[in-house]
Amino acid sequence: MEDFPERSRFDDNQIAYNGNEEFEQPPEQQYEEFEQPPEQQFDSGRGFETNHNVDSEGNEFRDSFNHRDSAAGKLFVGGVSWETTEEAFTNYFSKYGEIADSVIMIDKHSGRPRGFGFVTFADPGVVDSVLEEEHVIDGRVVEVKRTVPREDMGFKGISKRKKIFVGGIPTSLTDDELGEYFSTYGSIVEHQIMVDHKTGRSRGFGFVTFENEDALDKVFSEGKIHELGGKQVEIKKAEPKRGGGDFSGSAPKSYGGLGGAAAGYGAYNSASRYNGKMGRGYGGGGYPTYGTYNNYGGNYAGSYAGFYGGYGGYGYGFGYGGPMYGNAGYAASGYGMPAGYGGNTAYGGGRGYGNGAVGRGGGSGGGSYGSGRGYDRSGGSTTGRYHPYQKPVDLEEEANDNFASINGSPIGGVVMSFLVKTTNCHHLSSTAMAMCSSFCPHLPNHFGGRPAYSFPTKPLSFSFKAFSSQASNASSEDELPTRVGFLGLGIMGSPMAQNLIKSGCDVTVWNRTKSKCDPLISLGAKYKPSPEEVAASCDVTFAMLADPESAVDVALGKHGAANGMSSGKGYVDVSTVDGATSKLISGRIKSTGASFLEASFSGSKKPAEDGQLIFLTAGMQSCDKSLYEIAAPLLDVMGKSRFYLGDVGNGAAMKLVVNMIMGSMMASFSEGLLLTEKIGLDPKVLVEVVSQGAISAPMYSVKGPSMIQSLYPTAFPLKHQQKDLRLALGLAESVSQSTPIAAAANELYKVAKSHGLSDEDFSAVIEALKPKLQQ
Ligand SMILES: NC(=O)C1=CN([C@@H]2O[C@H](COP(=O)(O)OP(=O)(O)OC[C@H]3O[C@@H](n4cnc5c(N)ncnc54)[C@H](OP(=O)(O)O)[C@@H]3O)[C@@H](O)[C@H]2O)C=CC1
Ligand SMILES: O=CCCC(=O)O
């Protein structure tokens, strides 16, 4: 699904910056290791945040008192309901003694509470008794922790910032050129463009350390955007790394998933530390800040939470990384919550799981690469080894990990039915692994896969060969084709084409409604007045059209793309269509001597903006192989992973199955929301409850709050969801598979459409269940 980069490009950083503006910190810092358990991260309270969340203008937080003077009586209070007012918060604690100060932290961007606060007692002596008790404010159990002055945490000297992060560095820029540019602001101690350790290619960002802070002031006095190597780069103050790095330890001291950016302490040693409360994942500060739907784990989890997940918001299992994205696994007994609370881009890559009775979260996420490796297989020692960049993964280790997670996962049933022996599958996730067939072919060298361990074999009834790959590994050696066409600039096509442009491709666009081309033209795209002319002028042409009819029309109609195709060119259809349509287009394109690739995808608007789509490709056989290799780096610009599913039609089929599930989930969720309300319960609480349990899905947490308000900002139009259900039902029919749930859901979407909700987000299906629409 939607919303949620390693590429040797700025997109890495874009996720952190452009995709979600919340984070103040460059990715490198977001991924720095923690050495503090969550409560200590909070411990320093505003003092801490002063270091980490306040931007260069220093205006993020209310600051009504000096924490250094008052730390003795100061407590951190986490898990505070959004509903709780400061007055209620203060009143609650006043029963323990005179309050010197109290504050609920507010997100500076959204103005919303961040789910935690601080209370300072005039008499530090009362703190112990407060800590001894359980606290419930406005119906919600809150966590109260002692704070520790930052001075005691070994972060001294942190304010001496002389280092900047530079993002968006053109890949052609050299280290020397970086140094040369910034040396005009002052003496430089060190400068470095970060490179992909595997390929040696620039990752599009770097660091410059000045000799003194004056230089820093000078460089920032000219703004955060500088022109370097002909491109605009963005500078940020960098935070010094703190210690830590290896989180190996014994169970009682282990942290769940030390992951990436907002990494989320998966389920921080829940049993022992939290007296048996399971799965208190301190996520990437996800708790209070619901992003928009589009943001999924992104905004939501990491949202404004300050850059180290654990610091800012107070996870409580609200971040994502849940089954759909994060592969946050579930322990067979008692889970460690679907911990991964990603940060900024936060699809928690988290592998939360645990084999013992003690759930260990596997929080992760954070940007794209939080490895979030915290887990505990047996209740014994825990390896919380953290590496800022998860990729490449250790196949064997990960395979084992994922096996554990699959077993207990709520999607386990589905996944297990796909489980087959895998060889040479470059593993991405449990889902990805599950997709690899026993016949997984030898991947092209650039896939770099190593033999993985074998899952228990269960034969597939499908004959396709499948493999998956994480985007960055697959195409690292490939060059981007220079001339790329893009047909269809709707909700999805526009951000996808935009990412191609930003990555340096020479993009030519066309859209039926020409005005939608204008923003892309202003970004540097060329325009051609017909699909035919786009195809004729490009090496590879992508099509992102509404439905089978428009996909056929644009590809095969008068002045359609096929007319401009010829040998050596490629056509990649990324629209959601049925297999038959895909085969029809493929056949006609191939008849021109060109190649065809099917590449539908999962993910919606925000992942499209963030280059985090999940491609479901097919059609590499025979003549299309080279197109696959050519298209792969382009798909990697737009997406985070690719599955290869075999013959043309399989990509479409997989996409339809995914969307069939999604459509039913949304319909069912809608019923639940309305039922909750009808029986006098708070649907907001339902959203919270769901988000903390096994059925958690980003979709619910992100869309739920707006659905409750009858708001449906469109990310995925309802009409397309109904189209996908219709096509999926056709697919099911073709193999005599019974799909009564999807059929019922389809009817609901049809009702919604008939009431004019076609262009609303598909979550508007809830309206079809409301009495006024049912009459
Ligand atoms: N939104 C989402 O979250 C996702 C959508 N998808 C799928 O991607 C496809 C596009 O989705 P999305 O961008 O959301 O949809 P939009 O409705 O926003 O865009 C549809 C695009 O198709 C074009 N189009 C429609 N009819 C015709 C036609 N007859 N001839 C030529 N062009 C036509 C539209 O042109 P014009 O601007 O002129 O109307 C527009 O460019 C759909 O198949 C959808 O199911 C897949 C994954 C996620
Ligand atoms: O086809 C649309 C899928 C939307 C999503 O994956 O969030």
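None of these values were measured; they are calculated from a predicted model. In listed order, ligands and their atoms are each counted from 1.
At a threshold of 4.5 Å between non-hydrogen side-chain atoms, the residues Gln721 and Val765 do not count as touching. The shortest side-chain heavy-atom distance between Tyr571 and Ile585 falls under the 4.5 Å cut-off.
Note: Glu598 CD to Ser586 OG = 8.5 Å, rounded to the nearest 0.5 Å. Going from atom NZ of Lys526 over to atom CZ of Arg483 covers 8.0 Å, rounded to the nearest 0.5 Å.
The shortest N/O to N/O separation between Arg512 and ligand 1 falls below 3.5 Å. Checked against a 3.5 angstrom limit, the closest N/O atoms of Ala546 and ligand 1 fall inside it. Between Leu545 and ligand 1, at least one N/O pair is under 3.5 Å apart. Close N/O approach between Lys719 and ligand 1 is not found [any backbone or side-chain N/O within under 3.5 Å]. For ligand 1, the polar-atom distance check against Ala715 finds a nitrogen or oxygen pair separated by under 3.5 Å.
More than 12 non-hydrogen atoms from other residues, nucleotides or ligands lie less than 6.0 angstrom from CD1 of Ile708. Under a cut-off of 6.0 angstrom, the local environment of CD in Glu733 is sparse, with at most 12 non-hydrogen atoms contributed by other residues, nucleotides or ligands. Shown here is Arg588, whose CZ atom has no more than 12 heavy atoms of other residues, nucleotides or ligands within 6.0 Å.
For Glu549, no heavy-atom contact with ligand 1 is shorter than 4.0 Å. Contacts between Met662 and ligand 2 below 4.0 angstrom, taking non-hydrogen atoms only, involve the side chain exclusively. If you look at Leu489 next to ligand 1, the close heavy atoms, those under 4.0 Å, all belong to the backbone. By the criterion of a heavy-atom distance under 4.0 Å, the side chain of Asn511, and not its backbone, is placed next to ligand 1. Under 4.0 angstrom from ligand 1, there are no non-hydrogen atoms of Ser600.
Residue Phe716 approaches ligand 1 through these ligand atoms, each under 4.0 Å from one of its heavy atoms: 1 (N), 2 (C), 3 (O), 4 (C), 5 (C), 45 (O). Near Asn659, meaning under 4.0 Å from any of its heavy atoms, are these atoms of ligand 2: 1 (O), 2 (C), 3 (C). Within ligand 1, counting atoms from 1 as listed, the ones closer than 4.0 Å to a heavy atom of Gly488 are 41 (O). Atoms of ligand 2 lying under 4.0 Å from any heavy atom of Ser604, numbered from 1 in the order shown and given with element: 4 (C), 5 (C), 7 (O). Near Lys516, meaning under 4.0 Å from one of its heavy atoms, ligand 1 places the atoms 36 (P), 37 (O), 39 (O).
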Side chain to side chain contact (heavy atoms under 4.5 Å, CB included) evaluation trace for Leu634 with Phe542: CA-CA 10 Å; Leu634 299 170; Phe542 285 86; 3.7 Å; yes
From CA spacing to verdict: side chain to side chain contact (heavy atoms under 4.5 Å, CB included), Phe762, His720: CA-CA 8 Å; Phe762 77 112; His720 294 333; over 6 Å; no
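No option in Asp547, Asp761, Asp759 other than Asp759 meets the salt bridge (charged side-chain N to carboxylate O under 4.0 Å, His left out) test with Lys719.
Ligand 1 has Lys655 within reach: a non-hydrogen atom of the residue lies less than 4.0 Å from it. Under a 4.0 Å heavy-atom criterion, Gly603 is in contact with ligand 1.
The closest heavy-atom contact to atom 14 (O) of ligand 1, among the options Ile491, Ile614, Leu487, comes from Ile491. Counting heavy atoms only, Lys655 comes closest to atom 3 (C) of ligand 2 of the residues Lys655, Lys703, Met492.
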